[in-house]
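We're numbering straight along the sequence, starting at 1. Source: prediction; values computed, not measured.
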Amino acid sequence: MTASPATPPAAPAPAPAAPAPVPYADWSARFEDWTEDLVEVFREVAESDEFILKSRVERLEAEVARRTGAAHAVAVAGGTGALTVTLAALGIGPGDEVVTPAFSFVSTASTVALRGATPVFADVEYDTAMLDVAATEAAVTDRTRALLPAYLFTESPRMGAFAALAARRGLHLVEDSAVALGAEVDGLPAGRHGTAGVYSFFPAKPAGGIGDAGMIVTDDAELARVARMLRNHGQPAGKRFHHELLGFNCRMDELTAGFLLRKLPHLDRLHARRREIAEVYEEGLRPLAPVVLPPPAGFAGRSVYTYVIRAQERDALRAHLAAEGIGTTVYYPRPLHLQPAFAHLGHRPGDFPVAERLCREALALPLHPDMAPGAPERVVAAVRRFCTAGR
């Protein structure tokens with residue numbers, strides 16, 4: 001009798017698929033919903049024969065002025081350009097001082113230095129990473145012309161206190177509200193507490209566009225008039241090749257303005273989604289203190305740019321998250337007073353201890369409106385595993 005063939009062994013079950021990575025920034029997802037708008041804007045601009053500082057830029061200026069309640073909005077080529085033009089329009093230059101945070105993006109200090117003025121650093125608050133009001137007042141001298149606090153991450157400076165300080169000491173208040181168009185702080189729109197405020201439309205920002213672009217808002221008609229000249233080689237409107245001032249090439253293009261005109265009506269919705277993600281992080285990460293310390297809770301009215309936690313074992317946590325496919329970034333690895341570009345100011349380690357501590361501990365988690373469903377919860381779970389692994 002012929003034996004029946006043996007039954008072949010069952011194939012091993014396929015290994016479960018690895019979860020999709022959670023990138024820190026997912027540009028393809030971020031622009032997926034805007035493809036048709038981008039194509040239409042390119043076509044419209046090409047057919048209009050308007051490319052720089054024309055009708056779309058004017059309409060965008062009017063829209064930002066309406067949203068913020070500013071008397072004037074001046075479109076420029078970037079957030080850094082907005083600071084540069086504002087400081088120049090205020091006449092800040094050699095011999096002047098501007099007080100600004102030691103923990104910030106470089107432009108809050110570099111734009112001051114490039115005017116020939118001196119950036120005077122002050123330390124920041126540990127909980128918020130915002131410029132400390134008392135430290136700022138202590139840094140004011142008889143050469144101080146302006147205060148330049150900056151919004152970062154999920155936080156807003158104490159703008160009411162800075163406005164009072166500027167008024168008391170007779171100083172300009174320039175608000176680096178680059179990440180905060182659409183936010184409110186101390187009862188006013190971000191950017192509207194002092195002499196001028198600036199916004200950035202860099203693609204990563206909450207109000208991001210498709211390239212570098214920025215905006216200045218102010219109620220000062222003379223400041224706006226001078227800023228409009230300075231952004232365009234010192235040339236008054238309608239007087240081509242007539243240059244009253246030494247200005248800059250800091251002009252917004254029509255493609256960027258056209259796209260932003262389509263995006264700004266959705267800004268409140270995009271802010272709301274960012275706040276939802278921040279709330280997921282807040283709920284999941286707050287119980288893990290003191291291993292990780294989330295930023296202060298309560299995101300209503302805020303512009304949530306990115307979610308920055310603090311951890312003494314920051315680098316180990318970052319490596320752990322990377323191994324689980326979760327992207328992070330460090331804001332900022334070195335404080336401004338210890339950057340080589342500012343070595344001429346003579347600062348040493350220990351001068352601004354809170355800023356230096358934040359540079360050792362701060363870690364930004366993924367946060368943008370197009371994060372996949374469940375992605376914020378995955379990030380929380382991964383941080384939780386780090387915090388409970390033998391600790």
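- Residues Val57 and Met215 share a single hydrophobic cluster, defined by chaining ILVMFWY side chains whose heavy atoms lie under 4.5 Å apart.
- Using a 4.0 Å cut-off between charged nitrogen and carboxylate oxygen, Glu361 and Arg314 do not count as a salt-bridge pair.
- Without hydrogens or angle criteria, Asp123 side chain to Ala355 main chain gives a donor-acceptor distance under 3.5 Å.
- Panel note: side chain Thr108, backbone Phe105; a donor-acceptor pair is recorded below 3.5 Å.
- Look at Arg378 and Glu324 and you find no salt bridge, because none of the NZ, NE, NH1 or NH2 atoms lies under 4.0 Å from a carboxylate O.
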Are Arg231 and Val74 close enough, and set up right, to give a side chain to side chain contact (heavy atoms under 4.5 Å, CB included), and what steps lead you there? CA-CA 9 Å; Arg231 71 178 176 181; Val74 182; 3.7 Å; yes
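- Shortest non-hydrogen contact noted between Ala190 and Ala180 is CB-O, 3.5 Å.
- A distance-only check finds no donor-acceptor pair linking the side chain of His233 to the backbone of Gln235 [under 3.5 Å].
- In the hydrophobic clustering of this structure, Leu38 groups with Leu260; members are Ile, Leu, Val, Met, Phe, Trp, Tyr whose side-chain heavy atoms approach within less than 4.5 Å, directly or through other members.
- In this structure, Val22 and Leu321 have side chains that are not in contact, with every pair of non-hydrogen atoms separated by 4.5 Å or more.
- Across all their heavy atoms, Thr218 and Ala224 have their closest contact at CG2-CB, 4.1 Å.
- For the pair Arg168 and Glu137, the salt-bridge criterion is met [side-chain N within less than 4.0 Å of a carboxylate O].
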Walk me through whether Val124 and Leu152 qualify under side chain to side chain contact (heavy atoms under 4.5 Å, CB included). CA-CA 11 Å; Val124 295; Leu152 298 175; over 6 Å; no
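- Summarising the geometry, atom OG1 belonging to Thr100 is positioned 7.5 Å from atom CG belonging to Asp176; distances are rounded to the nearest 0.5 Å.
- Evaluated for a salt bridge (charged side-chain N to carboxylate O under 4.0 Å, His left out) with Asp96, the options Arg143, Arg145, Arg115 yield exactly one hit, Arg145.
- In this structure, CG in Leu264 is found 6.5 Å from CG in Leu181, a value given to the nearest 0.5 Å.
- Looking at every heavy atom in both residues, Arg56 comes nearest to Gly258 through CD-CA, 4.0 Å.
- For Arg310 and Tyr126, the positive end sits near the middle of the six-membered ring, less than 6.0 Å away and at most 45° from its axis.
- Other residues, nucleotides and ligands contribute more than 12 heavy atoms inside 6.0 Å of the CD atom of Glu40.
- Checking each of Glu222, Glu61, Glu244 against Arg228 for a salt bridge (charged side-chain N to carboxylate O under 4.0 Å, His left out) leaves exactly one that passes, namely Glu61.
- Considering OG1 of Thr84 and CG of Leu230, their distance stands at 10.5 Å, rounded to 0.5 Å.
- At least one side-chain heavy atom of His271 sits less than 4.5 Å from a side-chain heavy atom of Pro206.
- By the 4.5 Å heavy-atom criterion applied to side chains, Glu282 and Phe299 are counted as neighbours.
- Salt bridge present: Asp219 and Arg192 bring a charged side-chain N and a carboxylate O closer than 4.0 Å.
- Connection of Phe201 to Tyr151 is not established within any shared hydrophobic cluster, with ILVMFWY side chains joined at heavy-atom distances below 4.5 Å, either directly or through further cluster members.
- Shortest non-hydrogen contact noted between Phe121 and Ala109 is CE2-CB, 3.7 Å.
- Nearest approach of Phe342 to Ser110, heavy atoms of both residues: CZ-N, 3.7 Å.
- Under a 3.5 Å cut-off, the side chain of Gln339 and the backbone N or O of Arg334 do form a donor-acceptor pair.
- Under the 4.5 Å side-chain heavy-atom criterion for ILVMFWY residues, a single connected hydrophobic cluster contains both Leu245 and Ile216.
- Listed here is the closest heavy atom pair of Val380 and Val280: CG2-O, 4.0 Å.
- At a threshold of 4.5 Å between side-chain heavy atoms, the hydrophobic network of Ile, Leu, Val, Met, Phe, Trp and Tyr places Val140 and Leu173 in one connected group.
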Going through the distances and angles, do Ser48 and Glu254 end up as a side-chain hydrogen bond (donor to acceptor under 3.5 Å, both in side chains)? CA-CA 10 Å; Ser48 71; Glu254 291 286 299; 5.9 Å; no
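- Using cut-offs of 30° and 60° on the angle between ring planes, the pair His320 and Phe386 is tilted.
- Listed for the Thr128 side chain is no donor-acceptor partner under 3.5 Å among the backbone atoms of Glu155.
- In this structure the side chain of Glu356 reaches within 4.5 angstrom of the side chain of His337, judged on heavy atoms.
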Go through it in stages, so that I can follow the logic: the residues are Thr144 and Asp142, the test is side-chain hydrogen bond (donor to acceptor under 3.5 Å, both in side chains), and I'd like the CA-CA distance, side-chain angles, deciding distance and then a yes or no. CA-CA 6 Å; Thr144 305; Asp142 58 3; over 6 Å; no
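- With hydrogens and angles left out, the side-chain atoms of Thr35 and Asp33 include no donor and acceptor closer than 3.5 Å.
- Heavy-atom neighbours of Arg348 CZ from other residues, nucleotides or ligands within 6.0 Å: at or below the threshold of 12.
- Ring centroids of His266 and Trp34 are separated by less than 6.0 Å, placing the two rings close together.
- In this structure, Val174 and Leu147 have side chains that are not in contact, with every pair of non-hydrogen atoms separated by 4.5 Å or more.
- The neighbour count for Phe51 CZ, taken as heavy atoms of other residues, nucleotides or ligands under 6.0 Å away, is above 12.
- In this structure a side-chain-to-backbone donor-acceptor pair under 3.5 Å is present from Arg274 to Val304.
- Between Phe153 and Tyr305, the ring center distance fails the sub-6.0 Å criterion.
- Ring pair Phe103/Tyr332 is perpendicular by interplanar angle, where above 60° counts as perpendicular and below 30° as parallel.
- Lys54 and Glu58 are not joined by a salt bridge, as no carboxylate oxygen comes within less than 4.0 angstrom of a charged side-chain nitrogen.
- Put simply, the side chain of Arg275 gets close to the backbone of Arg302: a donor and an acceptor are under 3.5 Å apart.
- Without hydrogens or angle criteria, Arg251 side chain to Ala77 main chain gives no donor-acceptor distance under 3.5 Å.
- By the 30° and 60° cut-offs, the orientation of the rings of Tyr331 relative to Tyr24 is tilted.
- Note that the CD atom of Glu184 and the CE atom of Met159 stand 13.5 Å from one another [nearest 0.5 Å].
- Applying the 6.0 Å contact sphere to CD of Glu283 captures no more than 12 heavy atoms from other residues, nucleotides or ligands.
- Remark: side-chain polar atoms of Thr118 are not paired, donor with acceptor, to backbone N or O of Val120 under 3.5 angstrom.
- From Thr86, atom OG1 reaches atom CG of Leu148 across 9.0 Å, with rounding to the nearest 0.5 Å.
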Under the side-chain hydrogen bond (donor to acceptor under 3.5 Å, both in side chains) criterion, do Ser107 and Thr111 qualify, and how do the steps go? CA-CA 6 Å; Ser107 61; Thr111 52; 5.8 Å; no
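- Atom OG of Ser303 sits about 10.0 Å away from atom NZ of Lys205, to the nearest 0.5 Å.
- Between the side chains of Glu50 and Ser55, at least one donor-acceptor pair of N or O atoms lies under 3.5 Å.
- We find that Glu377 and Arg384 are not joined by a salt bridge, their nearest charged nitrogen and carboxylate oxygen being 4.0 Å or further apart.
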